[in-house]
Amino acid sequence: MSSYAMSPLMGQMMSKPMLISGLIEHADRYFGNNEIVSRRVEGDIHRYNYRECHQRAKKLANALAGLGVKMGDRIATLAWNGYRHLEAYYAVSGSGAVLHTINPRLHPEQIAYIANHAEDQYLLFDMTFLPIVQAIAAHCPGIKGYIMMCDRDKLPAEHKIPNLMAYEDLIEANSADFNWPVFDENSASSLCYTSGTTGNPKGALYSHRSTILHSYASSLPDGLNVSARDSVLPVVPMFHVNAWGLPYSAPLNGAKLVFPGPHLDGKSLFELFEQEKVTFSAGVPTVWLGLLTYMAQNNLKFSTFKRTVIGGSACPPAMMKTLRHTYGVEVVHAWGMTEMSPLGTAATLMTKHLELDDAGQQAILEKQGHVLYGVDMKIVDDAGKEIGWDGKTYGNLLVKGPWIIQSYFKNEGGDVLEDGWFPTGDVATIDADGYMQITDRSKDVIKSGGEWIGTIDLENVAVSHPAVLQAACIGVFHPKWDERPLLLVVKKAGAEVSKEELLQFFDGKVAKWWLPDDVVFIEGLPLGATGKILKNKLREQFKDYKLPTA
Ligand code: AMP
């Protein structure tokens, strides 16, 4: 794999490969009694510990071997965050097979496409997703069998799913006597398809080495900062870039894991946070919206929750302030991509920032942040020339590092690197201290009279208005300027604000020529499979919209 020169004097340390099985072995041996708690699809709460998780993962590994699963085979999951899904993470990758986590929120046609493209051999799924499995089974001839993650008595009496098995039968029938195989750490471990807002989804194929390095780096104090004193509740799904690596970094550090299953509404989450003394969580902005609305309506406060990572799309400053000031929760704004395993940057302060007042600190925390060691980044202009780090000039963001994609699975899309760097498709600034701030996705940026208008800033201003729940800004055709911003707004229940009041609210907060040309109030925004606003859908919906200024 390596094409680098060898020194005449090589180091003399052991060269034990970094394998995912090592994480669960470590958690069993050194944190065996630490808990894993899951709210199950069945409705109840399940609790056990890392030792029992390891035992069951080995039983599942034996079961998979019995089904003929070989190294490199792809084994798919359609599952929520839960203990059985965690067992599959370790059983599949630990055996040398490849865990392919499929996003169940995708359209069944897309799921079938992905499963066929990946050449999945077996599919493990939560009971909730039985209808999806029934819809795709006939279109996925390559899948040899389906494992429903439940007891036998929950299997449907009638179905047309070939070779349907109950997960608990497999666990019961197999021994926990299993030695994890040792192999090259560059072997593939897991596969995630990008959400693919345009064209077919493409696969990011992680390796054991990239996963372990990402687990170390993401655990650092200025990253997720996960420790054996934490009770970690990943709201981010295990089918969205491996829940940002938490199923790996929690056992690496011996943290308690709390899985919410399918119950992601504000009430269920709040109860689980309190019952399981959650200290740390991670998720996209939309899930916090639900939780914070529920807490405000019921006048609730957290008793143990102290830190959360928010990423996946820009965290609105208003949300960050509410979490920090009203609820005393530290917010780490992070940025990354499926192609980056996913973590690239996180916003935390340096010593010199501790002297700043709250507004000064908030301004830094609102950025997407500093790289974690291992990731290198730069911004370039359209000709590919590097742009200076002044915190103002924006350019196309490129990254490289050992947990960043080199090429998509089956080389879809051909060579993706530019001179060894991965083009992220994001537009960003970097300041003199190395803090990166995303202006926009390059395809969402509004091109007005040859200049660029970043939509994230406009949306952040809109959602800081007390009557606004959600906002999205898109460019629509303008005869003079090519494109001008149109602001689409969802109001909070029972709140009122007029178009004129909202536009006035922007005064002094953004450059005058950035002001949206119009505001349209709508009932809801279309969300994609990972909880992000689907701007391409909005652009399609409003493509013939006539601006009053046009
Ligand atoms: P995905 O691969 O689905 O996780 O999407 C990755 C993309 O999400 C990135 O390229 C960004 O455009 C966007 N993204 C992720 N985190 C952030 C963030 N903190 N702020 C703004 N955009 C983000």
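These values consider heavy atoms only, across backbone and side chains, with no hydrogens, waters or symmetry-generated copies. Every number for a ligand or one of its atoms is a count from 1 in the order of the listing. Everything numeric here is computed off the predicted structure, so don't read it as measured data.
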Within reach of ligand 1, part of M337 (heavy-atom separation under 4.0 Å):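 Both backbone and side chain.
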
Tell me which part of S313 gets within contact of ligand 1: side chain, backbone, both or neither, using heavy atoms under 4.0 Å.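 It is the backbone that touches ligand 1; the side chain stays farther off.
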
Quick test of your reading of the model: are K543 and E540 salt-bridged, counting only N-O distances below 4.0 Å?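 Looking at K543 and E540, the cut-off is met.
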
In terms of side-chain geometry, is the basic nitrogen of E483 or R539 positioned less than 4.0 Å from the acidic oxygen of its partner?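 Salt bridge flag = no for R539 with E483.
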
Would you check whether [X] has a nitrogen or oxygen atom less than 3.5 angstrom from a nitrogen or oxygen atom of ligand 1?
| X | result |
| --- | --- |
| T530 | no |
| I456 | no |
| I310 | no |
| A334 | yes |

Close aromatic pair by centroid cut-off 6.0 Å: [X] and [Y]:
| X | Y | value |
| --- | --- | --- |
| Y327 | F305 | no |
| Y206 | W403 | no |
| H100 | F409 | no |
| H117 | Y193 | yes |

Using the rule given for side chain to side chain donor-acceptor pair (under 3.5 Å), can you reason through T279 versus D230, listing the C-alpha separation, both sets of side-chain angles and the distance that settles it, and then say yes or no? CA-CA 6 Å; T279 56; D230 277 310; 2.6 Å; yes

L233 side chain near V235 side chain, heavy-atom distance below 4.5 Å: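 Counting from C-beta outward, L233 and V235 do come under 4.5 Å.
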
Show the atoms of ligand 1 that are less than 4.0 angstrom away from any heavy atom in [X].
| X | value |
| --- | --- |
| R441 | 9 (C), 10 (O), 12 (O) |
| G312 | 8 (O), 13 (C), 14 (N), 15 (C), 16 (N), 17 (C), 23 (C) |
| H240 | 3 (O), 4 (O) |
| H333 | 18 (C), 19 (N), 20 (N) |

My understanding is that we take every heavy atom of each candidate and find the minimum distance to atom 2 (O) of ligand 1. Doing that for T338, L397, V284, T424, which one comes out nearest?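 Selected option, by shortest heavy-atom distance: T338.
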
Is a donor from one side chain sitting under 3.5 angstrom from an acceptor on the other, for H478 and S448?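 No, S448 and H478 have no side-chain donor paired with an acceptor closer than 3.5 Å.
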
So is [X] in contact with ligand 1, going by heavy-atom distances below 4.0 Å?
| X | answer |
| --- | --- |
| D426 | yes |
| K532 | yes |
| G336 | yes |

